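Accompanying notes for the structure given below.
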Amino acid sequence: MTLTNSPRRYGTIARSLHWITATGILVMFPLGWAAHLAPWQTEAELALKAQLFSIHKTLGVALILVALLRVLWALSQPRPAPLHPGRRIETLLAETVHWALYAALILVPLSGWIAHAATTGFAPILWLFGQDLPFVPKSDALAHGAATVHLLSQWLLAAVLGLHVAGAVKHAVIDRDATLARMWRGTPAGQPAPHRGLAAMALALALWGVVLGGGAAAGLYSTDRPDPVPALAAAPSDWQVTEGALALRLRQMGREIEGEFSSWTAAITFEPRDSEGPAGEVTVVIAIPSLTLGSVSQQAMGADFFAADSFPTATFTATLLRRAEDYLARGTLSLRGVEQPLDLPFTLRLDGDKAVMLGSTVIDRRSFGIGETMSDGDQLGFEVAVDVALSATRAPRP
């Protein structure tokens, strides 16, 4: 039993890595699509979907390690000679498919891993080394781009894998040569002959360029939302918000995920006072579809959650109260067609006509009928933290 390759045969290590990789691909394709298509309207469905994705991601990480080892081993070993060197086009096509496959074996799982690390959401990788990757920031744009590469690479992998299998079948059924036996049993065959490595690598690179570049030309990497965010009318206000963030935090499947609304307005009347009591009024209107929420942004807009199609905006109307040590916005939040009282404590730093406000509160999603089918707080937390930070400048007085 020979561990290494020779010009006429594949060694045990190369053959073992080949079939381990092949088995992994055969498992990963149906597992990934099953996870993607699985519903998640109930607790049981969500738990199953998360489990399928976790297994898919975990096997993907294992597969990339095997693929790296396989590629490095292949580069360090002699390639057995083609059995029909006279068939120049067929040989060139076979080697091009091999190089395209090697790239796919790295790029498909790596892009999926980057997409996972760049976002927050459910379905963790099942290991003890954390969910992040070095030099990969939390970024919805990066996650979307990596996920797009992952999808395009899957289809290219499926295409070249189909060509690879078709070639193996042709050699076994039509040519009746030792191509398959050489990889299956290590049968020696063929005579030493030159490979067309550089030409095949160039063609494989061009193929990848067409697929990934075509995705860019089609706008698949764009993070523009497919559904328009409702345009909010400018809010007449005594204080104009110059910079602000309206964010939320919750726990899903044991992980904290963060989101932020990119479109909202605030109409503020406020007069500073030294004593406790009313100091003004505020009305905040929020465009619900402007929310980004990690890997579940699209699902969060669905009928069981924010129901954004039916309720595209939320409104918080409150009285601003000065207290002994801080301030309080006491009012009503209208969300998803439900009105509930809400208190938002906040701090305020004033510097002439400039103000900086920081506030935080917690709401119970069940009070607004959000995720009613998710009654297990371990799967989807009941409490949602809302964080507000803004800078404002007093509008010039007439």
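Predicted, not measured: the structure shown is a model, and the values here were computed from it. As a basis for the values below, the full set of heavy atoms in this structure was taken, side chains included, without hydrogen atoms, waters or symmetry mates.
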Between Ile370 and Phe306, is a side chain to side chain contact (heavy atoms under 4.5 Å, CB included) present by the stated rule, with each step listed? CA-CA 6 Å; Ile370 295 175; Phe306 279 102; 4.0 Å; yes
State yes or no: do Leu107 and Leu220 share one hydrophobic cluster built from I, L, V, M, F, W and Y residues joined by side-chain heavy-atom distances below 4.5 Å, directly or via other members? yes
Could you tell me how the ring of Phe53 sits relative to the ring of His56: parallel (under 30°), tilted (30 to 60°) or perpendicular (over 60°)? perpendicular
So how far is it from Asp175 CG to Glu90 CD, rounded to the nearest 0.5 Å? 6.0 Å
Mind checking whether Met201 and Glu95 have side chains closer than 4.5 Å, heavy atoms only? no
State, with a plain yes or no, whether a side-chain heavy atom of Pro124 is found less than 4.5 Å away from one of Ser54. yes
Rounded to the nearest 0.5 Å, what separates atom CD1 in Ile13 from atom OG1 in Thr2? 11.0 Å
Could you check whether Arg322 pairs with Glu271 (Lys NZ or Arg NE/NH1/NH2 to Asp/Glu carboxylate O, under 4.0 Å)? no
Got a donor-acceptor contact below 3.5 angstrom from the Thr269 side chain to the Glu281 backbone? yes
N/O donor-acceptor pair under 3.5 Å between Thr96 side chain and Ala204 backbone: no
Is the shortest side-chain heavy-atom distance between Arg323 and Pro345 below 4.5 Å? yes
Side-chain heavy atoms of Leu293 within contact of Phe305, under 4.5 Å: no
Shared hydrophobic cluster for Phe311 and Val384 (ILVMFWY, side-chain gaps under 4.5 Å): no
Does Arg366 qualify as a cation-pi partner of Phe382, given the criterion of NZ or CZ under 6.0 Å from the six-membered ring centre and within 45 degrees of its axis? yes
Is Leu320 reachable from Leu328 through a run of hydrophobic residues whose side-chain heavy atoms are each under 4.5 Å from the next? no
Stepwise side chain to side chain contact (heavy atoms under 4.5 Å, CB included) test for Phe316 and Ile286: CA-CA 8 Å; Phe316 177 55; Ile286 307 163; 5.7 Å; no
Is the closest side-chain heavy-atom distance between Trp99 and Leu207 below 4.5 Å? no
Residue pair Val61, Phe129: steps toward the side chain to side chain contact (heavy atoms under 4.5 Å, CB included) verdict: CA-CA 12 Å; Val61 171; Phe129 304 106; over 6 Å; no
Has Trp239 got a side-chain atom pairing as donor or acceptor with Phe270's backbone, closer than 3.5 angstrom? yes
With a 4.5 Å cut-off on side-chain heavy-atom distances among I, L, V, M, F, W and Y, is there a chain of contacts connecting Trp113 to Leu65? yes
Among Thr361, Leu246, Val284, exactly one meets side chain to side chain contact (heavy atoms under 4.5 Å, CB included) together with Val388. Which residue is that? Leu246
Do Lys138 and Asp132 sit within salt-bridge range, that is, some charged N less than 4.0 Å from a carboxylate O? yes
Measure the shortest side-chain to side-chain distance between Phe368 and Leu333 over non-hydrogen atoms and say whether it is less than 4.5 angstrom. yes
Would a 4.5 Å heavy-atom cut-off, applied to side chains only, mark Asp364 and Gln340 as touching? no
Say whether Thr347 and Asp326, considering side chains only, have a donor N or O and an acceptor N or O under 3.5 Å apart. no
Just do the side chain to side chain contact (heavy atoms under 4.5 Å, CB included) check on Leu180 and His171 with the steps written out, would you? CA-CA 7 Å; Leu180 185 58; His171 281 287; over 6 Å; no
Hey, are the side chains of Glu258 and Glu260 touching, using non-hydrogen atoms and a 4.5 Å cut-off? no
Please say yes or no: joined through hydrophobic side-chain contacts below 4.5 Å, possibly via intermediate residues, are Val211 and Leu105 part of one cluster? yes
From CD1 (Ile114) to OG1 (Thr119), nearest 0.5 Å: 13.5 Å
